[in-house]
Novice: 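Sharing a structure here in structure tokens format.
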Amino acid sequence: MPADDAASATLPSLPYRVAALAARKPTRFAFTPDGRARAAIAAALDLLELPQLTLKGEITAQGRNDYLLNAALAATVVQPCAISLAPVTTRITETIARRYLQDFTDPTGDETELADELDAEPLPEVIDIAAVAMEALLLALPLFPRAPGEALGNASATAPGAQPLDDAALKPFAGLAGLAARLKSPGGDAA
């Protein structure tokens, strides 16, 4: 598929209406997009390729009005190397847990420290599994992928005729360990 077709393809969707979810047993799902849908996701997430993507799990009722989504994300992504732009393939596996609360309120002030509520979000009318998969994948992507053997070089910028700074000069306390050792040794002299 040409790149323009992939970019213009619509993103996939796998919606579950909350009103239709079972109250007594889990609703199981498996999201495994086809090649065209993966190409659209790859274009949306600025990936070179997305050879594999799967999100499998279940949505379970919690009480009368709340729901819990538990799933396993598995993906293979190809991104450009942050240094050389060469393709870098990464295997991603993540466990996803989302709590959807009907009476959700945004935490304010001191409430933001309640860690138990931070994984919760408002209960939507529709839970789109494809959107959950894309968001989880985006959050799991390596920020600066590196191809094997690629490393950042040392940069040096100095005024003409000046001595360039090296790593030792940028760590002013590094020499103190040697000075402390000399002072502690018998007959050690700091001068």
Side-chain angles (χ1 to χ4, degrees), residues 1-15 29-57 69-99 106-107 112-113 115 117-121 127-181:
M1 167 185 306
D4 291 336
D5 290 345
S8 65
T10 59
L11 291 172
S13 180
L14 181 57
F29 59 83
F31 174 65
T32 306
D34 63 12
R36 185 180 184 113
R38 287 193 318 273
I41 294 169
L45 300 182
D46 292 328
L47 302 173
L48 297 176
E49 286 182 68
L50 183 59
Q52 190 264 334
L53 173 64
T54 301
L55 183 69
K56 291 182 181 181
L69 179 144
N70 283 309
L73 174 76
T76 303
V77 299
V78 181
Q79 297 174 273
C81 173
I83 298 169
S84 68
L85 300 180
V88 178
T89 302
T90 306
R91 179 78 181 138
I92 295 173
T93 56
E94 293 281 324
T95 301
I96 306 208
R98 300 255 174 107
R99 290 178 37 218
D106 283 324
T112 58
E113 295 180 17
E117 294 301 319
L118 291 180
D119 66 345
E121 51 191 88
I127 298 173
D128 188 348
I129 302 303
V132 170
M134 288 182 279
E135 181 181 322
L137 178 60
L138 180 63
L139 293 172
L141 288 174
L143 293 177
F144 303 104
R146 288 194 186 171
E150 294 290 341
L152 291 175
N154 291 330
S156 175
T158 60
Q163 179 73 16
L165 292 175
D166 59 4
D167 287 341
L170 295 174
K171 298 178 183 172
F173 299 108
L176 291 178
L179 177 62

Novice: Can you name the residues that form a salt bridge (charged side-chain N to carboxylate O under 4.0 Å, His left out) with Glu49, not counting sequence neighbours?
Specialist: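 Salt bridge (charged side-chain N to carboxylate O under 4.0 Å, His left out) list for Glu49, sorted by chain: empty.
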Novice: Report all side-chain donor-acceptor pairs from residues 73-92 shorter than 3.5 Å, counting only partners two or more places apart or in another chain.
Specialist:
unit_1: Thr76; atom_1: OG1; unit_2: Arg91; atom_2: NH1; d: 3.2
unit_1: Gln79; atom_1: NE2; unit_2: Pro142; atom_2: O; d: 3.3
unit_1: Ser84; atom_1: OG; unit_2: Ala86; atom_2: N; d: 3.3
unit_1: Arg91; atom_1: NH1; unit_2: Gln52; atom_2: OE1; d: 2.5
unit_1: Arg91; atom_1: NH1; unit_2: Ala75; atom_2: O; d: 3.2

Novice: Go through the structure and list residues passing side-chain contact (heavy atoms from CB on, under 4.5 Å) with Asp46, not counting sequence neighbours.
Specialist: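 So Asp46 forms no side-chain contact (heavy atoms from CB on, under 4.5 Å) with any residue.
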Novice: Rounded to the nearest 0.5 Å, what separation is found between the CZ atom of Arg99 and the CG atom of Asn70?
Specialist: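 Arg99 CZ to Asn70 CG: 11.0 Å, rounded to 0.5 Å.
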Novice: side-chain contact (heavy atoms from CB on, under 4.5 Å) for Val132 and Leu55? Distances and angles first, verdict last.
Specialist: CA-CA 9 Å; Val132 170; Leu55 183 69; 4.1 Å; yes
Novice: Per the salt bridge (charged side-chain N to carboxylate O under 4.0 Å, His left out) rule, what does the pair list look like for residues 129-139, sequence neighbours excluded?
Specialist: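 Those involving residues 129-139 are Arg98-Glu135.
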Novice: Which residue pairs pass the salt bridge (charged side-chain N to carboxylate O under 4.0 Å, His left out) test when at least one of the two sits in residues 74-84, sequence neighbours left out?
Specialist: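 Every candidate salt bridge (charged side-chain N to carboxylate O under 4.0 Å, His left out) pair involving residues 74-84 fails, so no pair, neighbours aside, qualifies.
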Novice: How close do Ala140 and Glu94 get, counting heavy atoms only, and between which atoms?
Specialist: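 Between these two residues, the closest heavy atoms are CB-CG, 3.7 Å.
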Novice: Roughly how far apart are Asp128 CG and Leu14 CG, rounded to 0.5 Å?
Specialist: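 Atom-to-atom, Asp128:CG and Leu14:CG are 7.0 Å apart.
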Novice: Can you list everything that forms a side-chain contact (heavy atoms from CB on, under 4.5 Å) with Ala42? Sequence neighbours excluded, please.
Specialist: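 In terms of side-chain contact (heavy atoms from CB on, under 4.5 Å), with neighbours along the sequence ignored, Ala42 is linked to Leu47, Leu50.
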Novice: Roughly how far, to the nearest 0.5 Å, is the CG atom of Leu53 from the CZ atom of Phe31?
Specialist: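 It comes to 5.5 Å.
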Novice: Decide yes or no for Ile129 and Ile127: does some side-chain heavy atom of the first lie under 4.5 Å from some side-chain heavy atom of the second?
Specialist: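 Side-chain contact under 4.5 Å: yes.
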Novice: What is the minimum heavy-atom distance between Ala37 and Asp34, and which atoms define it?
Specialist: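 Looking at all heavy atoms of both residues, the closest pair is N-OD1, 2.9 Å.
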Novice: Sort and list the pairs that fulfil side chain to side chain donor-acceptor pair (under 3.5 Å) and have at least one residue in residues 140-149, not counting sequence neighbours.
Specialist: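 Every pair satisfying side chain to side chain donor-acceptor pair (under 3.5 Å) with a residue in residues 140-149: there are none.
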Novice: Atom CE of Met134 and atom CG of Leu45: how far apart are they, to the nearest 0.5 Å?
Specialist: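 These two atoms lie 7.5 Å from each other.
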